[in-house]
Amino acid sequence: MMKELAGTTIVITGASSGIGAATAVACGAAGMNVVLGGRRLDRLEQVSRRVEAVGGATAIVVGDVRDRSNVNELLDAAVDSFGGFDSIFANAGYSMERSFVSMSEDELRAMFETNFFASIGLAREAALRWIESDRVGHVILCSSCVSKFPLPFQGVYAATKGAQALVARAMRHELSPFGIQVSTVHPITTRTEFFDRSAERSGFQRGDLGRDGVPDHAPRLFVQSPERVANAVVQGLRSPRSEIWTSWIVRMASALFTLFPRLQDLVMHRQAAAERGLHRIRRHDG
Ligand SMILES: NC(=O)c1ccc[n+]([C@@H]2O[C@H](COP(=O)([O-])OP(=O)(O)OC[C@H]3O[C@@H](n4cnc5c(N)ncnc54)[C@H](OP(=O)(O)O)[C@@H]3O)[C@@H](O)[C@H]2O)c1
């Protein structure tokens, strides 16, 4: 049976742009209350206006997901503004395009801090609060298709998403007796600020990775809009499932890669060769 979403409350991290912002608007259109989290107040205010224009209500929490206090600030805002929360979408995340050996220890740990620890930390606190107050809810974590197969120069990013998806899958079965749902979302290449910010962080010029805001190596057939992911998330809220995918072809490819690792190696070898010129392997101590 489809769940009725109108009047329910969702907490979304990384709501200031891309997939998080599009999901906030889609949730607003479904009549939901949305707590918007992110570091850029001006962008959160813009998203808030868009959510309210389509019929949703909002609260804004400015903060960094790496701060331990951010989880409680987000959930407390939902309680103060809307009397509680019914779902969370732990979506804030980022990537760097760099070979593993060229990443410093600090860069490795920082990416795990945002993509892994912050997202599962929000999931844990939300679940504990639901259990302690005898309520049910839905945890959704923004993973990626690369949680299933890494790409060259994105191994650490893939590891953060793979680790997150593994914890989520176990959590799903640990929490099902309490009526709590856990899902992961596995977007493919999505046209957001993600790649520009990744290029900056990786030390590339804007445009080095791709001419139109997404990397050249991503076949244009497989480039999606954030609205497409947002609609899949809302569908996943209405009809909960363990994994929310936006491309059957990539989902099938990930299954084939698992069955036939040499096929995966062939694809990765070609991609690594195509991108090698961009990635000088060197020590980064910072
Ligand atoms: N784009 C893709 O191709 C793609 C594919 C698969 C999965 N994903 C995943 O989708 C999620 C959203 O990415 P996107 O594509 O929408 O990229 P985006 O447009 O760059 O959005 C990233 C969001 O995360 C927030 N964020 C990042 N670090 C944060 C921090 N430390 N504290 C608080 N907020 C933080 C940013 O907000 P502020 O800067 O305002 O803080 C921003 O709202 C990420 O988890 C990403 O890994 C993206």
Side-chain angles (χ1 to χ4, degrees), residues 11-26 34-48 60-71 73-74 89-97 109-123 140-151 154 156-165 168 184-201 209-210 212-215 217-220 222-230 232-233 243-247 250-251 254:
V11 174
I12 301 180
T13 64
S16 56
S17 70
I19 291 170
T23 303
V25 174
V34 189
V35 177
L36 305 162
R39 290 167 298 186
R40 290 170 293 174
L41 175 61
D42 57 331
R43 298 292 294 270
L44 291 172
E45 285 173 342
Q46 283 171 19
V47 176
S48 167
I60 289 177
V61 176
V62 178
D64 190 316
V65 293
R66 293 168 298 182
D67 293 342
R68 293 270 166 94
S69 55
N70 187 246
V71 165
E73 285 164 11
L74 287 162
F89 182 33
N91 162 75
Y94 71 90
S95 176
M96 268 178 97
E97 301 232 355
R109 290 179 186 277
M111 199 187 292
F112 267 91
E113 207 53 64
T114 297
N115 293 5
F116 177 71
F117 288 109
S119 64
I120 62 162
L122 177 59
I140 305 187
L141 300 167
C142 194
S143 181
S144 167
C145 59
V146 302
S147 63
K148 306 284 182 181
F149 54 89
L151 296 174
Q154 289 184 51
V156 175
Y157 173 68
T160 64
K161 296 297 182 176
Q164 185 197 44
T184 44
V185 189
H186 300 265
I188 62 171
T189 304
T190 309
R191 207 179 284 282
T192 66
E193 296 175 12
F194 184 82
F195 295 104
D196 276 350
R197 296 179 96 183
S198 173
E200 275 164 34
R201 221 173 266 118
L209 286 178
D212 56 355
V214 290
H217 60 68
R220 292 309 184 254
F222 296 128
V223 177
Q224 297 186 335
S225 69
E227 287 73 25
R228 167 108 188 235
V229 182
V233 173
E243 294 188 2
I244 298 167
W245 283 79
T246 56
S247 165
V250 176
R251 191 173 192 178
S254 91

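Note that the numbering runs from 1 along the sequence shown for the chain. All ligand and atom numbering here is 1-based and tracks the order in the structure. The structure presented is a predicted model; accordingly, all values stated were derived computationally and were not measured.
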For [atom], what is the closest protein heavy atom, and at what distance to 0.1 Å?
atom: atom 16 (O) of ligand 1; answer: Ile19 N, 2.8 Å
atom: atom 22 (C) of ligand 1; answer: Gly93 O, 3.7 Å
atom: atom 18 (P) of ligand 1; answer: Ser17 OG, 3.4 Å
atom: atom 28 (N) of ligand 1; answer: Arg39 NH2, 3.1 Å
atom: atom 44 (C) of ligand 1; answer: Asn91 O, 3.2 Å
atom: atom 3 (O) of ligand 1; answer: Thr190 N, 2.8 Å
atom: atom 13 (O) of ligand 1; answer: Phe194 CD1, 4.0 Å
atom: atom 7 (C) of ligand 1; answer: Ser143 O, 3.3 Å

What atoms of ligand 1 come within less than 4.0 Å of a heavy atom belonging to [X]?
X: Arg66; result: 31 (N)
X: Cys142; result: 9 (C), 10 (O), 11 (C)
X: Gly18; result: 16 (O), 19 (O)
X: Thr189; result: 3 (O)

Any non-hydrogen side-chain atom of [X] less than 4.5 Å from a side-chain atom of [Y]?
X: Ser198; Y: Tyr157; result: no
X: Met96; Y: Val156; result: no
X: Phe194; Y: Pro187; result: no
X: Glu193; Y: Arg43; result: yes
X: Thr23; Y: Val229; result: no

- Message: Given Tyr157, Phe195, Tyr94, identify the one with the heavy atom nearest to atom 46 (C) of ligand 1.
- Response: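 Nearest heavy atom to atom 46 (C) of ligand 1 lies in Tyr157.
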
- Please work out which of Cys145, Gly38, Ser16, Pro226 has its closest non-hydrogen atom nearest to atom 40 (O) of ligand 1. Ser16

Check if [X] has a non-hydrogen atom at a distance under 4.0 Å from any atom of ligand 1.
X: Lys161; value: yes
X: Ile188; value: yes
X: Ala22; value: no
X: Thr13; value: no
X: Arg43; value: no

- Task: Could you tell me whether some N/O pair between Val65 and ligand 1 is separated by less than 3.5 angstrom?
- Result: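 Yes - when backbone and side-chain N and O of Val65 are compared with those of ligand 1, one distance drops under 3.5 Å.
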
Minimum heavy-atom distance [X]-[Y], with the two atoms named:
X: Leu74; Y: Val35; result: O-CG1, 3.9 Å
X: Arg66; Y: Thr114; result: CD-OG1, 3.2 Å
X: Ser119; Y: Leu141; result: O-CD2, 3.7 Å
X: Val250; Y: Phe222; result: CG2-CD2, 4.0 Å
X: Gly20; Y: Ile12; result: O-CG2, 4.0 Å

- Task: Test Ser147 against every option in His186, Lys161, Gln164 by the side-chain hydrogen bond (donor to acceptor under 3.5 Å, both in side chains) rule and name the one that passes.
- Result: His186

- Query: side-chain contact (heavy atoms from CB on, under 4.5 Å) with Phe89: which of Val34, Leu122, Val185?
  - Reply: Val185

- Query: Does atom CZ of Arg40 have more than 12 heavy-atom neighbours from other groups under 6.0 Å away?
  - Reply: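 Yes.
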
- Query: Considering only heavy atoms, does His186 approach ligand 1 within less than 4.0 Å through its side chain, its backbone, both, or neither?
  - Reply: neither

- Is it the side chain, the backbone, both or neither of Arg197 that has a heavy atom closer than 4.0 Å to ligand 1? side chain

